[in-house]
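The next block holds one structure in the form of structure tokens; read it before the comments.
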Number of protein chains: 2
Amino acid sequence: MTCYIIPPMDAPEETYPKPIVSVDLTIFGLTEVGLEVLLMQRGAEPFANTWALPGGFIHVGEDSDLESAARRVLYGKTGVETPYLEQLRTIGNAARDPRGWSLSIAYFALISADNVRLRQGTNATDVAWRPVDEAAALAFDHMEILRSALTRLRNKVEYSTLPVHLLPVRFTLGELQSVYERILGRRLDKSAFRKRIAEADFVVPVAGEMRRASNRPAQIYRVRKGHKTIFFNRTI
Amino acid sequence: MTCYIIPPMDAPEETYPKPIVSVDLTIFGLTEVGLEVLLMQRGAEPFANTWALPGGFIHVGEDSDLESAARRVLYGKTGVETPYLEQLRTIGNAARDPRGWSLSIAYFALISADNVRLRQGTNATDVAWRPVDEAAALAFDHMEILRSALTRLRNKVEYSTLPVHLLPVRFTLGELQSVYERILGRRLDKSAFRKRIAEADFVVPVAGEMRRASNRPAQIYRVRKGHKTIFFNRTI
DNA sequence: CCTACTTAGTGTGTTTTGTCAACTAAGTTC
DNA sequence: GAACTTAGTTGACAAAACACACTAAGTAGG
């Protein structure tokens, strides 16, 4: 067991113990059901057997920075490599963890759900997708974090190209519009939608590739290389 | 000196030392010079005598949560009570502090500069306003934090009522427009500006009170009670 | 007291943008 | 080959943004 001593510095500061620090992730995916979040059943106290957001401690000496700690937690516990990861907020207070003053740096991730193979090579007791609106009674203050993440996601979806990260690498404009509609919970005008997407100029048609169904085939698109999330100046 | 032992939990997790955790503030104010940021000269190593953002450690057992730690740092080091405080981002890596793996939760604050009395009852070596564009060579990675704060501020100013927090409680619409213009660095159309402000409906005229000068007097306004920052759906 | 000047505050015509719905296109199914 | 479905485009009308000019109400200076 490690005994860690805070180095002396400003006279009165060195006498305070350090808070517990963890990194927690809200991982969103879009399945047939709709928008879902990846949850884990905790194996240890506190909150043993309760569902929680995937999370872990920082490995001082191994993790070079916060984001790589988040990526390690994500990969180590779910086998998922995430194409989109963004810092959400940091929550810290004396009450959120029965073990004492605790700090959680919350991240939110978007993944293409069909890249995920749950319960393969993970050390989690149980890992599962849950519809965002059905998650309840999570460990710690993870419900509050989840609500923050949902708010942030819905806000950004209104104004940005963020939702492409929920799709596979190849998709049609109809599928892209459907992603926006399912997250926002309302229908969008096809003509206006396509105008916005064209102006943002972040997707390119894949020459010759079409999605075939029992109707007119649709052009397949992919995200332009080096794409950074673009923000519209109007709602989508 | 305190020796703090991490409580046992998940088997492999307990062996890692905790990172250093601090709270740092970027405090903006608007003076005759323009947009300025409050800096302190550090009294102790590392980076003794170097200018830095005001900051400090969390007082586990005294601070109830992160935001109150931020308010304590702000008040204790500058004597300023801030009307607007917002969490910016959390930076953590092995290189930013020579003492080891360190974490900084950065906040950004807006204050009405005329409420500030610098160097009165503070324990800081030196405290001063510095123009945001002239700050350079700050301690740690505080320049990066300052740049993040500036980006966030300018983005929000484009789309929100945030700048009122930089003004005294009573102000004219001309003064409010001037705040927007000075932060954004461009002129705004008076007619369009007033339409946006009127639609947002967050300021109310103070009956009978006018700002007198060598021209037509201007109506004085104040912020509507209980105002939360309003976001426009177009640029200001 | 009259004119010039300055900033407050409003109005207006043009241009741009959003909205809605219809239309053509190109496949499948029966 | 007719009916159906979704893809993709077009255009008319309404609404909002923009630029700029106008009126209002004070002070300053002769």
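Letters go in sequence order (proteins before strands), and every chain restarts at 1.
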Any residue in residues 201-217 of chain A with a heavy atom nearer than 4.0 angstrom to DNA chain D? Just list them by number, or reply none.
A/Asn215, A/Arg216, A/Pro217

Answer yes if the side chains of B/Ser112 and B/His165 hold a donor-acceptor pair under 3.5 Å, and no otherwise.
no

Are B/Glu144 and B/Arg96 within salt-bridge range, i.e. N to O under 4.0 Å?
no

Students should find that the end-to-end axis angle of the helix from C/dC1-D/dG30 to C/dC30-D/dG1, with five pairs defining each axis and rounding to 10 degrees, is 0°

Any side-chain heavy-atom pair from A/Leu35 and A/Leu150 closer than 4.5 angstrom?
yes

Working to the nearest 0.5 angstrom, can you tell me the gap between B/Met143 CE and B/Ile145 CD1?
11.0 Å

Before you tell me yes or no, could you show the steps for A/Phe171 and A/Tyr221 under ring-ring contact (aromatic ring centres under 6.0 Å, His included), namely the whole-Å CA-CA distance, both residues' side-chain angles and the distance that decides it to 0.1 Å?
CA-CA 5 Å; A/Phe171 53 87; A/Tyr221 288 79; 7.1 Å; no

A/Trp51 ring centre to A/Arg42 NZ or CZ under 6.0 Å, with the angle to the axis within 45°?
no

Any chance you could measure A/Ile105, atom CD1, to B/Leu103, atom CG, to the nearest 0.5 Å?
4.5 Å

Sorted by number, the residues of residues 173-200 of chain A with heavy-atom contact under 4.0 Å to DNA chain C
A/Asp189, A/Ser191, A/Arg196

Donor on one side chain, acceptor on other, B/Arg211 and B/Thr172, under 3.5 Å:
no

Begin with the C-alpha distance, continue with both residues' side-chain angles, and end with the deciding distance and a verdict on salt bridge (charged side-chain N to carboxylate O under 4.0 Å, His left out) for A/Arg186 and A/Glu158.
CA-CA 11 Å; A/Arg186 68 165 199 271; A/Glu158 284 276 9; 2.9 Å; yes

Under 6.0 Å from the OH atom of B/Tyr75, do we count more than 12 heavy atoms belonging to anything else shown?
no

Quickly work out the A/Gln219 CD to C/dA25 P distance and round it to whole Å.
18 Å

